[in-house]
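As structure tokens, the structure follows; a few thoughts come after it.
Order of the sequence lines sets the chain letters (A, B, ...), proteins ahead of strands, with each chain counted from 1.
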Amino acid sequence: MEFDRFFQFSQLLLKDEFVLSYSGYVSEDILEAVGDTLRQRLEDHARDVAQIRNVFSIFVELMQNIIRYGVDGPQPGPDTGEKPSFGIVMVAENGGTMDVIAGNFVSAEEAKGLSDKLAILGSSTPEELRELYRTKLREAPDEKSKGASLGLIEIARRSTLPLSWEVTDTHNGLSFFMIKATV
Amino acid sequence: MDSYVIDATSRTPAIKLDPEAGTLLIAGESYPEDVRSFFNELTAQITNYLATGPASFDVDIKLTYFNSSSARALMELLDQLEDAASSVVVNVNWYCDPDDDITREFAEDIALEVKGATLKILDLDAE
């Protein structure tokens, strides 16, 4: 890592709008540690208690989705024998609103499934989202989705704008899925 | 039956089940590492209490935050209380932050399915 590359990276992260970012192996322990840090940072950056609560909730749901969907990434993870989960989560301030953005590797099939779910959420009204949540709550957690849907609906409900997302193909047959929630 | 009391942690709520008084308090935040394990234990304790044949059960829920996995567990908890209401007088007070619409809506949606027990939604005071 040369200094000029590090400098460029630092300049990006040292801007006021950066609240927090984490990249690497994601586990419940990491969620707790990063979550605690996020809470402290939000005290300084957020405009009110409601924003803190919503950003934190979205952060927890996104991290838990990454843990459940667990796909390996380029960085090494601990040798726990469990499926490694690699992800990147970032919280950035944007003139009063906050963006919570997450990225992780998924199979092309999963990317399609996620896109379909998000398209439905994006075109739903708050009342429809509430209804979707209520219905999903009563369903047995779908083994395949591993509960992601309930979490995604919650993320959509706590955001002030419809969720946006993008999928980029990577060279090894996996896709990099990115989702952004704005509060 | 002994009281079931556990302290809050950063990720789990404090629980205080007092069989003498017939009360249960769930207070704090809920996003446990292992939701199943945490709530299965609580369910078992409630089952034990109900097996003693009490006349009533007063439940106070004061959660400032809970994740989606906990939401499902809370719904199942209310199902258990609703079942109990056929033979026990069950009163649930669900305290919600007045600024948190999502949590309030959740409590309201749960309330729609509560017929035997009494469920009141109250304001959680800022502390």
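Environment of CD in Glu20(B): sparse, with no more than 12 heavy atoms of neighbouring residues, nucleotides or ligands closer than 6.0 Å.
Residue with the most contacts toward chain B among Glu61(A), Glu32(A), Arg138(A): Arg138(A) (heavy-atom pairs, distance under 4.5 Å). The candidate with the highest count of non-hydrogen atom pairs below 4.5 Å against chain A, out of Asp99(B), Asp101(B), Ile102(B), is Ile102(B). Among the candidates Arg158(A), Gln64(A), Glu154(A), the residue making the largest number of heavy-atom pairs closer than 4.5 Å to chain B is Arg158(A). Ranking Asn54(A), Leu137(A), Val60(A) against chain B, the residue ahead of the rest is Leu137(A), based on heavy-atom pairs under 4.5 Å.
Tyr65(B) has its ring centre less than 6.0 Å from the ring centre of Phe56(A). In this structure, Tyr4(B) has its ring center at least 6.0 angstrom away from the ring center of Tyr49(B).
Neither the backbone nor the side chain of Glu76(B) comes within contact range of chain A; no heavy atom of the residue lies under 4.5 Å from a heavy atom of that chain. Only the side chain of Arg53(A) has a heavy atom closer than 4.5 Å to any heavy atom of chain B. Heavy atoms closer than 4.5 Å to chain A are found in the side chain of Asp79(B), but not in its backbone. Neither the backbone nor the side chain of Asp34(B) comes within contact range of chain A, judged by heavy atoms closer than 4.5 Å.
The aromatic rings of Phe9(A) and Phe6(A) are tilted relative to each other, their planes meeting at an angle between 30° and 60°.
A salt bridge is absent between Glu109(A) and Lys112(A); no separation between the charged side-chain nitrogens and carboxylate oxygens falls under 4.0 Å.
Leu78(B) places a side-chain heavy atom less than 4.5 Å from the side chain of Trp94(B).
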